[in-house]
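By convention in this document, chain letters (A, B, ...) are assigned in the order of the sequence lines, proteins followed by strands, and residues within each chain are numbered from 1.
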Protein chains: 4
Amino acid sequence: MTLEGVGQLLGNDHGHPNYHGSMESHTLIRVRYAETDAMGIVHHAAYPVWLELGRSDFLRELGQSYAGWEAQGVFMPLGELHVRYRQPARYDELVDVYTRIQDASRRKVTFAYRVMRGETRLSEATTVHVVTGANGRSQPMPDTLWKIIETGWVKPPDK
Amino acid sequence: MTLEGVGQLLGNDHGHPNYHGSMESHTLIRVRYAETDAMGIVHHAAYPVWLELGRSDFLRELGQSYAGWEAQGVFMPLGELHVRYRQPARYDELVDVYTRIQDASRRKVTFAYRVMRGETRLSEATTVHVVTGANGRSQPMPDTLWKIIETGWVKPPDK
Amino acid sequence: MTLEGVGQLLGNDHGHPNYHGSMESHTLIRVRYAETDAMGIVHHAAYPVWLELGRSDFLRELGQSYAGWEAQGVFMPLGELHVRYRQPARYDELVDVYTRIQDASRRKVTFAYRVMRGETRLSEATTVHVVTGANGRSQPMPDTLWKIIETGWVKPPDK
Amino acid sequence: MTLEGVGQLLGNDHGHPNYHGSMESHTLIRVRYAETDAMGIVHHAAYPVWLELGRSDFLRELGQSYAGWEAQGVFMPLGELHVRYRQPARYDELVDVYTRIQDASRRKVTFAYRVMRGETRLSEATTVHVVTGANGRSQPMPDTLWKIIETGWVKPPDK
């Protein structure tokens, strides 16, 4: 089992036919005490941080590092965030973030996530990212990076 | 002008006809250094925390405190979060969160938010909250609280 | 009364003879739900963030902004942090951070803080900051900034 | 090598004679983007959160879980925090937190930490914890837990 910050290739199309063979990465996170709130459960603002770990691991699975992209002047700031919270997580639990690309172009990438605790679905989420340069302006992803994205994402037949 | 944690009644229908006379509260927030990230801008996970300040102030405007609701066994955990990020905020800037109820029933309340810096729209967001007891199970809001919600929210004519 | 992100000049030597006439600034903070933890109280990692708000307001009281210092290439990264936690704070409470300079030179500044809730002392803290350039290397503070620091800090007679 | 949330027994007295045979646990942490700030480095308030992960792993090494202690009504709130920051950490780096008990009694436990990135020392820290019941009042640790602490800490000869 791999852990937070390491990620794991889950193989293509492991029983999720709607993924059309796209890669899904796995991130294991130990819930921090600081992430809980006075309700005794993980505060909802912790989830976007977990999703970000999921994205980092997804790129790592593709042999990439987001830090390296930034060093090359390619940024992917968040433009839109959508999270559904189904079941709470608690201190010291191990939760699994599964990350995949739902949609992609050279200018915009949408990630989709499932946050699980074993077989229990805690949350699902999507994030939309615009590709920009260091100046924050939209620009297309370089060909080399786009080819790498394509190795982890298979465009659905109906698109 | 009032500040973070104090809130301010903006009056009914101040030029936003789609609000149908509903109340909108105002929260002024000074951006914290800890809220910025290596891109030099406010990290996206700070926004849900700001929205929560907006909700607290909205209830305060109605003469309520969410802490008081919890003490009475009425909780409103977050079930869904949607945020659009339009322009970045930076350290030490003053940002305004405007909060209103978009939809409400005794069992579910949807808040809508605009995050502004002066005339610049930084973000808009919605959060959906299920009303529960201390045990986390869905339950209808007590009549007294529901009447208070109705003072801050006018059901649109088409609903 | 002023609030978080605004600060307030408390005047010189208001009953604290050991301050030798140095200025103390005031920051009022509304406790955020996200700052609480599963013990039902504010998590200890929230306090360093509050102290940082205190420092920002202290400089603001002197007519300065730390954002402006950074824009001039003067940074004050934290070298050392010491916090004593005496009483817990809870969601929605108003807490007061009082900030003053305890010791200063052109290369190093030590701030001291009291965190209060009314008359109850919640915490006291000190932070030590080394003055650096954008490159992170130690450098002396420019004369103009040093003179400003001296308006808010009176060197104790025994030093 | 084990990772964050898992911990690792480093064996007794591995070249640190001043530890007098006490256990030191290891926690590996991947730096999160959300932990960075506008200086491009990890914000100082992230370190107390990392130390807390170190404590959790230290207890895990002893076959304990702090969540389990709380369920038994034994709490160890933080009374004092001291951190020295020597070198910055950056996004996506792997940092190591080494945790040990520096001093202990049935009523008070002091942990000491080194935060490293490979051979580079980033920070060292201590935290002092008072043993309390769920009511927050000081109480001595139960014998069973105290015996477990003693397996991970050897009282120095000069004490």
Original post:
Do the side-chain N and O atoms of D/Asp96 and D/His26 include a donor-acceptor pair separated by under 3.5 angstrom?
Top reply: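 There is such a pair (donor and acceptor under 3.5 Å, judged by atom type) between the side chains of D/Asp96 and D/His26.
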Original post:
Is B/Arg30 reaching over with its side chain to a backbone N or O of B/Asp92, donor-acceptor style, under 3.5 angstrom?
Top reply: yes
Original post:
Checking heavy atoms, do the side chain of D/Ala45, its backbone, both or neither come under 4.5 Å from chain B?
Top reply: neither
**OP:** Measure across B/Arg107 and B/Pro140 and return the closest heavy-atom pair with its distance rounded to 0.1 Å.
**Re:** NH2-CD, 3.5 Å
Original post:
For B/Tyr91, is it the side chain, the backbone, both, or neither that has a heavy atom closer than 4.5 Å to a heavy atom of chain D?
Top reply: neither
**OP:** Please work out which of the three classes, parallel, tilted or perpendicular, describes the rings of B/Phe111 and B/His129, given edges at 30° and 60°.
**Re:** perpendicular
**OP:** Using a cut-off of under 4.5 Å on heavy-atom pairs, state which of D/His44, D/Glu35, D/Met39 scores highest against chain B.
**Re:** D/Met39
